[in-house]
Amino acid sequence: MASGETAALKVESLTKDYGNFKLDKVCFELPKGYVMGFVGRNGAGKSTTLSCIMRSVIPDGGKVTVDGEDISENEIEVKRKIAFSSGTFESFPRAKGDALAKVYSTFYPSFDFDKFEKLKRRFSLDGTKRLKEMSAGMRVKFSVALAMSHDAKLYVFDEPTSGLDPVSRDEMLDLFCEMIEDGESSVLFSTHITSDLDKIADYLTLIDGGRIIASGVKNEILDAHALVSGGELTDEVRQKAIAYKKTPLNYTALLKKNDLPIKGAETSVRPDIEQLLIYYAKAGGSRE
């Protein structure tokens, strides 16, 4: 991010202690005009982090700023700059979609019904249906359509492509890319479908055990790692690997790129996001 430029989202030393789980000084920054993927295994702290950002859970410490404003100091106005959607829409199952949109619009002065109607047509949504009559995928689309129908600077999506078929997922990703074309809006979304992030994410934040393992430009993070394999698992590979997997005949291991070349590595490739996630989770977090 250019010096002096205001970030779309800045998270500083965010903490939340539940006793059996702790969000530990979570820090990351999303510049304006980009998509950031937020990944981690179940229980890693993704949902807790998003809840603290949105203040549906009050953090024990830290600071969250959206478009340069501290959300704790002016929560209502700052939240109007955020569009949030959390997976399948389960609230008010007997309510009709269009009726819910009218209620939702009362919280956002910038809500645009024309835009909502266009999104309904794009997603093939029937606003006269009750939520309980919609499929899980349709409820996801309805939730996203609501979130995208007001003038937000930051779009926060928790599993926005869950329950969608491959074609619908691709259409959703195309829409995310359109949303940031003005260079003023940004998207943060958590997902277990890492192939979606391979396609459109510009930035990547990886969390495990309540701690940020890596955060920054996606390609720079992936380029800084190497997935190596070979027949003999040498002591040098064991010592330097972030984590490894071994079979009777061969092994694969994730290493930092600057640890190469290494004895016993016969092949070396750039990992994808899923491989990065798996090996860091296997290691139980960051390896110093």
Side-chain angles (χ1 to χ4, degrees), residues 1 5-32 34-87 147 152-160 186-192 194 197 201-218 220-221 224 242-243 256 273 276-288:
M1 189 171 73
E5 184 179 343
T6 302
L9 172 67
K10 189 172 184 179
V11 178
E12 302 173 83
S13 298
L14 203 60
T15 61
K16 183 66 181 180
D17 193 344
Y18 287 107
N20 60 343
F21 176 81
K22 182 179 181 181
L23 205 62
D24 190 10
K25 297 181 180 178
V26 165
C27 298
F28 61 89
E29 190 168 335
L30 172 58
K32 290 183 179 180
Y34 294 97
V35 175
M36 174 181 279
F38 189 38
V39 296
R41 60 179 165 178
N42 290 336
K46 300 189 303 299
S47 293
T48 301
T49 300
L50 296 183
S51 296
C52 287
I53 289 173
M54 295 302 301
R55 293 184 69 79
S56 56
V57 168
I58 304 302
D60 297 327
K63 183 178 179 181
V64 175
T65 55
V66 176
D67 197 30
E69 293 187 70
D70 187 337
I71 193 170
S72 68
E73 295 179 356
N74 193 1
E75 186 171 340
I76 292 176
E77 288 304 314
V78 174
K79 278 187 174 180
R80 284 176 173 164
K81 294 184 176 184
I82 306 173
F84 179 75
S85 173
S86 178
K153 297 297 183 183
L154 174 66
Y155 295 87
V156 180
F157 297 129
D158 191 2
E159 300 289 341
S186 304
V187 174
L188 170 69
F189 77 98
S190 72
T191 182
H192 289 107
T194 55
L197 302 182
D202 306 294
Y203 284 76
L204 181 68
T205 295
L206 172 62
I207 189 169
D208 193 78
R211 298 172 58 224
I212 297 299
I213 305 306
S215 185
V217 177
K218 178 188 71 177
E220 291 179 359
I221 292 174
I242 293 164
K256 293 290 182 68
I273 296 173
L276 196 73
L277 172 62
I278 288 171
Y279 279 86
Y280 267 112
K282 184 175 176 63
S286 179
R287 177 185 180 279
E288 299 297 335

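Predicted model, so just to flag it, every value in this text is computed and none were measured. These numbers come from the heavy atoms of this one structure, side chains and all, not from hydrogens, waters or symmetry mates.
- Residues Phe157 and Ala147 approach most closely at CE2-CB, 4.1 Å, considering heavy atoms.
- Atom-to-atom distance recorded for Ser85:OG and Glu159:CD is 11.0 Å, nearest 0.5 angstrom.
- Contact annotation: the side chain of Leu206 never approaches that of Ile212 to less than 4.5 Å [non-hydrogen atoms, C-beta and beyond].
- No more than 12 heavy atoms of other residues, nucleotides or ligands shown are found within 6.0 angstrom of NZ on Lys63.
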Worked check of side chain to side chain contact (heavy atoms under 4.5 Å, CB included) between Val39 and Tyr280: CA-CA 11 Å; Val39 296; Tyr280 267 112; over 6 Å; no
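- In plain terms, the two heavy atoms of Gly68 and Thr6 that are nearest each other are N-CG2, 3.3 Å.
- Remark: Asp67 engages Lys81 in a salt bridge, criterion side-chain N to carboxylate O under 4.0 Å.
- Thr15 contributes no side-chain N or O that, together with a main-chain N or O of Leu23, makes up a donor-acceptor pair within less than 3.5 Å.
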Going through the distances and angles, do Ile242 and Lys256 end up as a side chain to side chain contact (heavy atoms under 4.5 Å, CB included)? CA-CA 8 Å; Ile242 293 164; Lys256 293 290 182 68; 4.1 Å; yes
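- For the pairing with Arg41, the side chain to side chain contact (heavy atoms under 4.5 Å, CB included) check across Ile207, Ile278, Asp208 returns one residue only, Asp208.
- Using a 4.5 Å heavy-atom cutoff, the side chains of Leu9 and Thr65 are not in contact.
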Which is it for Ser215 and Cys27 under the side chain to side chain contact (heavy atoms under 4.5 Å, CB included) test, yes or no, and what are the steps along the way? CA-CA 9 Å; Ser215 185; Cys27 298; over 6 Å; no
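- A distance of 8.0 Å separates CG in Asn74 from CD1 in Ile76, rounded to the nearest 0.5 Å.
- Gly43 and Phe21 make their closest contact through O-CE1, 3.5 Å (heavy atoms, listed as atom of the first residue, atom of the second, distance).
- With a 6.0 Å radius and a threshold of 12 heavy atoms from other residues, nucleotides or ligands, Lys46 has its NZ atom above the threshold.
- Taking 4.0 Å as the cut-off between side-chain N and carboxylate O, Glu12 and Lys25 do not count as a salt-bridged pair.
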Under the criterion side chain to side chain contact (heavy atoms under 4.5 Å, CB included), I'd like the reasoning laid out for Phe38 against Leu50: C-alpha separation, chi angles, the key distance, then a yes or no. CA-CA 10 Å; Phe38 189 38; Leu50 296 183; 4.2 Å; yes
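- Note: Ile53 CD1 to Leu188 CG = 6.0 Å, rounded to the nearest 0.5 Å.
- Between the side chains of Ser190 and Asp158, at least one donor-acceptor pair of N or O atoms lies under 3.5 Å.
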Test salt bridge (Lys or Arg N to Asp or Glu O under 4.0 Å) on Asp202 and Lys218; report intermediate values, then the result. CA-CA 6 Å; Asp202 306 294; Lys218 178 188 71 177; over 6 Å; no
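- The local environment of OH in Tyr34 is sparse, with at most 12 non-hydrogen atoms from other residues, nucleotides or ligands closer than 6.0 Å.
- Pairing each heavy atom of Glu75 with each of Met54, the nearest pair is OE2-O, 4.4 Å.
- Of the possible donor and acceptor atoms, one in the side chain of Lys16 sits under 3.5 Å from a partner among the backbone N and O of Ile58.
- Counting heavy atoms from C-beta outward, Lys153 and Ile82 have side chains that stay 4.5 Å or more apart.
- Proximity of the aromatic rings of Tyr203 and Phe28 is defined here by a centroid distance below 6.0 angstrom, and this criterion is not met.
- The side chain to side chain contact (heavy atoms under 4.5 Å, CB included) with Leu204 is formed by just one residue from the set Thr194, Leu276, Val217; it is Leu276.
- Taking CG of Asp60 as the start and CG of Leu14 as the end, the distance is 9.0 Å to the nearest 0.5 Å.
- In this structure, CE in Met36 is found 10.5 Å from CG in Leu154, a value given to the nearest 0.5 Å.
- A distance-only check finds a donor-acceptor pair linking the side chain of Ser186 to the backbone of Pro31 [under 3.5 Å].
- Summarising the geometry, atom NE2 belonging to His192 is positioned 11.0 Å from atom CG belonging to Leu197; distances are rounded to the nearest 0.5 Å.
- Here the shortest heavy-atom pairing between Pro160 and Phe189 reads CG-CD1, 3.7 Å.
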